[in-house]
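Just so you know, these numbers use all the heavy atoms, side chains as well, and skip hydrogens, waters and symmetry mates. Computed from a prediction, not measured in an experiment: that's the story for all the values here. We name chains A, B, ... by the order of the sequence lines, and we start the count at 1 in each one.
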There are 2 protein chains.
Amino acid sequence: MKVLIVEDDPLHRSYLHEAVNAALPECDTVIEAENGTAGEKLARDHKSAHIVMDLQMANRNGIEAARTIWKERPETRILFWSNYSDEAYVRGVSRIVPDGAAYGYVLKSASDERLKLALRSIFIESQCVIDREVRGLQQKSLGQTNGFTDSEYEILVDIALGLTDRAIAKRRGLSLRSVQNRLQQLYDKLDVYQSAGDDHEDGRFNLRARAVTVAFLRKLLNYSALERAEAELQEWLEGK
Amino acid sequence: MKVLIVEDDPLHRSYLHEAVNAALPECDTVIEAENGTAGEKLARDHKSAHIVMDLQMANRNGIEAARTIWKERPETRILFWSNYSDEAYVRGVSRIVPDGAAYGYVLKSASDERLKLALRSIFIESQCVIDREVRGLQQKSLGQTNGFTDSEYEILVDIALGLTDRAIAKRRGLSLRSVQNRLQQLYDKLDVYQSAGDDHEDGRFNLRARAVTVAFLRKLLNYSALERAEAELQEWLEGK
DNA sequence: CAACAAGCTGCGGGTTTACGCAAGACGGCG
DNA sequence: CGCCGTCTTGCGTAAACCCGCAGCTTGTTG
């Protein structure tokens, strides 16, 4: 059995290497990549079936790398190992995992034990292992109970990118008014009003900009999500 | 000699610990904190004069911790050790370093050698050591050649927070029109127009929101900068 | 001192946002 | 089928935003 590690921090890389060796005696080769691009290439060359992937990497982040890898070989097992449990990451990952694929999401702050257990469960037993803390988010974000609908998230991203209402309408195939409806919905859920209305009429917020900020502070959005969205936007702009 | 390490990742913490031991034989005690708050407390209790500080930490980030530490004892020597060379961090640090203080800024990607050298230079020789890559940013950001003026940066932060023009005017003691002037300046520098005007009138951007995004993508802003700014804003709001 | 650049300010007006109101469209459900 | 909730759309309006124009205050320079 062969395991591919994709992680840009050398310290974490060697830590992972050791953990894999310790947890998986049946693993005879470990190869390493230090960014997403290299990871994709190695995965392709070696037809890797077992991958441990960092999410936040400079060159090309884990989500994008995983997406192309899964596109080529959907049965690949990937353990995401990340510092953060931002909703943006969680949403990003669950958006790209193929049906029935075995994968995992473990936080870097988890114990050795937990990591090793996850390695075995995913790579050997083909189970899905999602860190408890992350799991909570996933429920919330996918179930529409407390969290955000896809359409709300979508429009959040759109204004975060800086599109006008009209541009959003065109992009999403809606009328101007519908876009604005969704915006209102979003503002509502993000609680942009309370801080806005406050008391006097001086301290008012620009709802649109404020919504983005609040989303950021709540980790609904993060750098990598923005980056991805921006890339998609550019693509769309070219496709006219 | 005593050294305090403030770093939330255990791996990096122990790596630093070893590096300090190797580079500074005159150091007899190393103490560790795993977030900014604990770091401040330890620094106070031990009257630490030599600190290695991570910038990005969950609880309370390095910049804030450093600020309060320096406020109490400005001659403290601090080596910032960070993953990133975002302009937002660089600006944040150079904004708080006291006159004549010895400090350093080294990237985590630097070699062992470089780190050890920096440790000795700062703690023993009282020199300032700033990583080359970071240095470049610093020049650009403080010198007004290519980068952004303080007032431009300020207004960038303000719209990122989601303030209205009027609110900004009030906060900064300017007229409405002046605020808008600065905004134009900002839009100009951020190149928000080209992508906006493009060609047809469909793909237009909302300048204000777009500016924030572009700043984010260019790492002029980042999460921690936003977080800090938000805290300051709240403070201001309460002070009326 | 005159000349000039840089920043602040008010005025005016075109565009975009935010949103109430109300009329359809679509899908369950008794 | 009729009732109801959710989603979409158009109309209209008040506010906010973007910005050209022009007058003022500074600080700098020859």
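Contact check on A:R210 versus B:E230 returns a salt bridge, with a Lys/Arg side-chain nitrogen under 4.0 Å from an Asp/Glu carboxylate oxygen. Remark: A:R91 engages A:D150 in a salt bridge, criterion side-chain N to carboxylate O under 4.0 Å.
When the P atom of C:dT9 is taken as reference, atom CG of B:L183 falls 14 Å away, rounded to whole Å. If you take CG of A:D188 and C1' of C:dG20, they are 15 Å apart, rounded to a whole angstrom. Rounding to whole angstrom units, CD of residue B:Q185 and P of D:dC19 are separated by 13 Å. When the C1' atom of D:dC17 is taken as reference, atom CD1 of B:I155 falls 12 Å away, rounded to whole Å. Atom C1' of nucleotide D:dC18 and atom OH of B:Y187 are separated by 8 Å, given to the nearest angstrom. Atom C1' of nucleotide D:dC7 and atom CZ of A:R172 are separated by 17 Å, given to the nearest angstrom. The interatomic distance linking B:I168 (CD1) with C:dC8 (C1') rounds to 16 Å, in whole Å. A straight line from OH of B:Y193 to P of D:dC17 spans 15 Å, rounded to a whole angstrom.
With hydrogens and angles ignored, a donor-acceptor pair closer than 3.5 Å exists between the side chain of A:Q180 and the base of C:dC19.
Outside the 6.0 Å centre-distance limit, the rings of B:F80 and B:Y89 are not counted as a close aromatic pair.
Residue B:S178 places none of its side-chain N or O atoms closer than 4.0 Å to OP1 or OP2 of C:dC8. Between B:N206 and C:dT17, a side-chain N or O to OP1/OP2 separation shorter than 4.0 Å is present. Checking the phosphate oxygens (OP1, OP2) of D:dT8, a side-chain nitrogen or oxygen of A:R182 falls inside 4.0 Å.
Looking only at distances, no side-chain donor or acceptor of B:R204 sits under 3.5 Å from a matching main-chain atom of A:L163.
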Once base and sugar-phosphate atoms are separated, protein heavy atoms under 4.0 Å mark nucleotides 20-25 of chain D, 5' to 3', with B, S and - as BB----

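Each of B:L117, B:L79, B:I122 was checked for a side chain to side chain contact (heavy atoms under 4.5 Å, CB included) with B:V129, and the lone residue meeting it is B:I122. Among A:L207, A:N181, A:I159, the one residue that satisfies the side chain to side chain contact (heavy atoms under 4.5 Å, CB included) test with A:L186 is A:I159.
Checked against C:dC19, D:dA16, C:dT9, the side chain of B:S175 finds its nearest nucleotide in C:dT9.
Qualifying salt bridge (charged side-chain N to carboxylate O under 4.0 Å, His left out) partners for B:R95, counting only residues two or more places apart in sequence or in other chains: none.
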